[in-house]
2 protein chains.
Amino acid sequence: MYFSLLKMSVSIDNFLKAVYVLGIEEGKKVTGSALAARLGISSAGITDMSRKLSRKGIVDYSPYKEIVLTETGKLEALQVIRKHRLWELFLYKVLNMDMADIHKEAERLEHETSIELMHRLDEFLGFPQYDPHGEPIPSIEGLLPDESDLIPLVEVNEGMRVKIIRISIREKEVYEMFQHYGIKPGIKIEVIRLFDFDGSMEIRIKGEKLILPGSLVTLILCKEGKNVHYGDQ
Amino acid sequence: MYFSLLKMSVSIDNFLKAVYVLGIEEGKKVTGSALAARLGISSAGITDMSRKLSRKGIVDYSPYKEIVLTETGKLEALQVIRKHRLWELFLYKVLNMDMADIHKEAERLEHETSIELMHRLDEFLGFPQYDPHGEPIPSIEGLLPDESDLIPLVEVNEGMRVKIIRISIREKEVYEMFQHYGIKPGIKIEVIRLFDFDGSMEIRIKGEKLILPGSLVTLILCKEGKNVHYGDQ
DNA sequence: ATACAAATTTAAGCAAGCTTAATTATTTTT
DNA sequence: AAAAATAATTAAGCTTGCTTAAATTTGTAT
């Protein structure tokens with residue numbers, strides 16, 4: 001059974017989460033400036049934090065080298081993400097909050113959630129595997145479901161019909177754009193045409209055709225066939 | 001409709017709550033040392049904070065004088081208390097957490113609760129008026145129910161039968177003592193004898209006689225007659 | 001290979017919220 | 001009313017998590 005031995009802070013939690021999401025979920029290189037941009041702090045702040053966490057054995061780091069989570073750091077990051085996603089589901093499904101607001105709220109609650117509270121929330125929600133955005137909820141052991149059948153919308157061929165599984169966004173503003181288009185996890189669409197020059201995509205959704213900007217297309221993951229796993233229904 | 005214009009911090013919230021509970025709920029004089037003891041910080045820290053909050057117009061204070069909440073400060077304190085008690089009820093009734101644990105958990109969540117979240121929680125809980133300890137939940141406007149019919153257990157005469165309405169505790173350890181005696185809001189007891197020398201009290205609870213230490217007696221508020229208001233049932 | 005640009009680190013500094021130790025007020029006791 | 005005890009304040013300093021500006025390293029382009 002997991003329990004943390006290290007005293008974490010909100011700043012550390014957020015740092016670890018950023019390293020995890022950037023490096024592992026998004027598969028990008030974890031550079032100082034990418035972290036700085038994501039966390040909204042200066043590069044000097046990133047260097048400071050990296051050195052500190054390296055001393056604590058939570059990340060591997062030496063000057064001018066890439067920042068990598070140690071096993072401890074990765075588990076810690078996954079726990080914070082777990083709490084975040086449990087709260088998102090709770091806020092959306094139980095308290096009926098607007099999907100565009102749940103991220104920011106969960107961002108605050110995740111840091112004040114004891115292991116016991118996390119367990120109770122998990123139980124109350126029926127041990128869910130996915131949050132309302134379709135993101136997987138890591139288990140207590142830090143395990144994630146298999147997702148090899150998910151494909152980025154960008155890679156879907158013209159003429160194919162797919163189900164939207166996940167929309168990876170953090171910003172309320174962006175979420176509101178998706179709401180405007182009627183796009184959310186669980187919805188089926190047909191890809192009519194991909195405009196290579198900027199990644200925009202013409203799709204059919206609920207019988208209507210529309211053009212989805214490239215900037216939104218890249219945020220969507222989908223799946224062929226009929227299985228859904230959004231919200232676990 | 002209430003909404004705060006001031007940027008508060010966890011420390012400020014806790015300070016205001018302490019001033020409110022000590023001065024208004026417990027009717028004691030709000031001295032620096034009492035605050036220091038309650039908040040677990042040094043007196044120097046209290047002086048610092050008092051001066052700062054005075055500048056912000058949240059408390060009235062000048063050196064060596066008593067600390068008093070301004071209207072703004074009082075409203076702010078009541079909002080934090082409202083959030084705290086809503087969370088306590090949620091944790092107890094919805095997540096089935098142990099009564100002895102809910103205070104500490106709510107103590108953390110209360111500071112990360114937006115107005116919107118507070119509203120949703122309130123609605124989900126059915127606009128409750130009391131928390132699981134029997135403490136009243138302030139309204140959004142900062143109003144509290146009339147409680148003129150509540151009497152401290154210490155003042156109850158020998159031979160009287162009363163219903164326990166409220167047990168004012170913060171510490172898990174103390175709560176566990178009450179659990180041991182089977183005492184909680186909603187329970188009826190008969191006062192058999194009051195031992196003046198230390199305030200201990202012999203009572204009958206569920207047919208059994210027992211002696212309740214004076215230190216516990218002073219934490220109980222009760223009511224004659226048959227109306228309950230614990231948890232709003 | 002050199003020069004320039006971009007990224008990163010270092011250095012110095014700041015605000016919040018504390019601490020301890022020393023000083024000063026206030027209150028209580030005699 | 002003075003002395004003693006208690007309480008509050010001031011002063012100096014610490015840690016965390018930042019900041020800006022300058023210096024340095026690394027990567028890129030010619």
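As the structure is a computational prediction, the values presented were derived from the model and not from experiment. Naming: A, B, ... by sequence-line order, numbering from 1 per chain.
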- Tested for side chain to side chain contact (heavy atoms under 4.5 Å, CB included) against A:Ile220, the lone hit among A:Val156, A:Val154, A:Ile183 is A:Ile183
- Pairwise 5' ranking along DNA chain D for A:Val10 and A:Lys29, keeping only the more 5' one: A:Val10
- Message: Just the rounded figure in Å: distance from P of D:dC18 to CG of A:Leu53.
- Response: 11 Å
- Identified side chain to side chain contact (heavy atoms under 4.5 Å, CB included) counterpart of A:Glu110 within the set A:Asn14, A:Asp13, A:Val10: A:Asn14
- Query: Quick one: A:Lys52 NZ to D:dT15 C1', roughly how many Å, whole number?
  - Reply: 9 Å
- Considering just the side-chain nitrogens and oxygens of B:Ser43, establish if one lies under 4.0 Å of OP1 or OP2 belonging to D:dA7. no
- Does B:Arg51 have a side-chain nitrogen or oxygen under 4.0 Å from the phosphate oxygens OP1 or OP2 of D:dT9? no
- Task: Calculate the interatomic distance between A:Asp48 atom CG and C:dA11 atom P; express it in whole Å.
- Result: 12 Å
- Message: Check this one for me: any side-chain N or O of B:Tyr61 less than 4.0 Å away from OP1 or OP2 of D:dA8?
- Response: no
- Item | Whole angstrom value for the distance that separates C1' of C:dA16 from CZ of B:Arg55 | 12 Å
- Query: Rounded to the Å, how far apart are A:Ile46 CD1 and D:dT20 C1'?
  - Reply: 16 Å
- Query: Which nucleotide, D:dT20, C:dT8, C:dG17, lies nearest any side-chain atom of A:Ala44?
  - Reply: D:dT20
- Query: Looking across every strand, which nucleic acid part, if any, lies under 4.0 Å from B:Gly45 by heavy atom: base, sugar-phosphate, or nothing?
  - Reply: base
- Query: Does the side chain of A:Ser9 get closer than 4.0 angstrom to OP1 or OP2 of D:dG17 through an N or O atom?
  - Reply: yes
- For the pair A:Arg38 and A:Glu26, find out whether any cationic side-chain nitrogen is under 4.0 Å from an anionic carboxylate oxygen. yes
- Message: On the nucleotide D:dT20, are OP1 or OP2 found under 4.0 Å from the side-chain N or O atoms that A:Ser42 carries?
- Response: no
- Can a side chain N or O of B:Ser33 be found less than 4.0 Å away from OP1 or OP2 on D:dA8? yes
- Nearest-neighbour nucleotide for the B:Pro63 side chain, C:dT10, D:dT26, D:dT9 considered: D:dT9
- Message: At 4.0 Å (heavy atoms only), tell me whether B:Thr47 reaches a base, stays on the sugar-phosphate, or touches nothing.
- Response: base
- May I have the distance from B:Ile67 (atom CD1) to D:dT9 (atom C1'), rounded to whole angstrom? 12 Å
- Message: Less than 4.5 Å apart, side chain to side chain, heavy atoms only: is that true for B:His119 and B:Ile140?
- Response: yes
- Query: Only one of A:His103, A:Arg166, A:Glu88 forms a side chain to side chain donor-acceptor pair (under 3.5 Å) with A:His133, so which one is it?
  - Reply: A:Glu88
- Item | Nucleotide D:dC18, atom P - distance to CG of A:Leu35 in whole Å | 12 Å
- Message: Side chain of A:Tyr64, heavy atoms from C-beta onward: which of D:dT25, C:dC18, D:dT16 has the nearest atom to it?
- Response: D:dT25
- Task: Starting from P on D:dT9, measure out to CD on B:Glu66 and report it in whole angstrom.
- Result: 12 Å
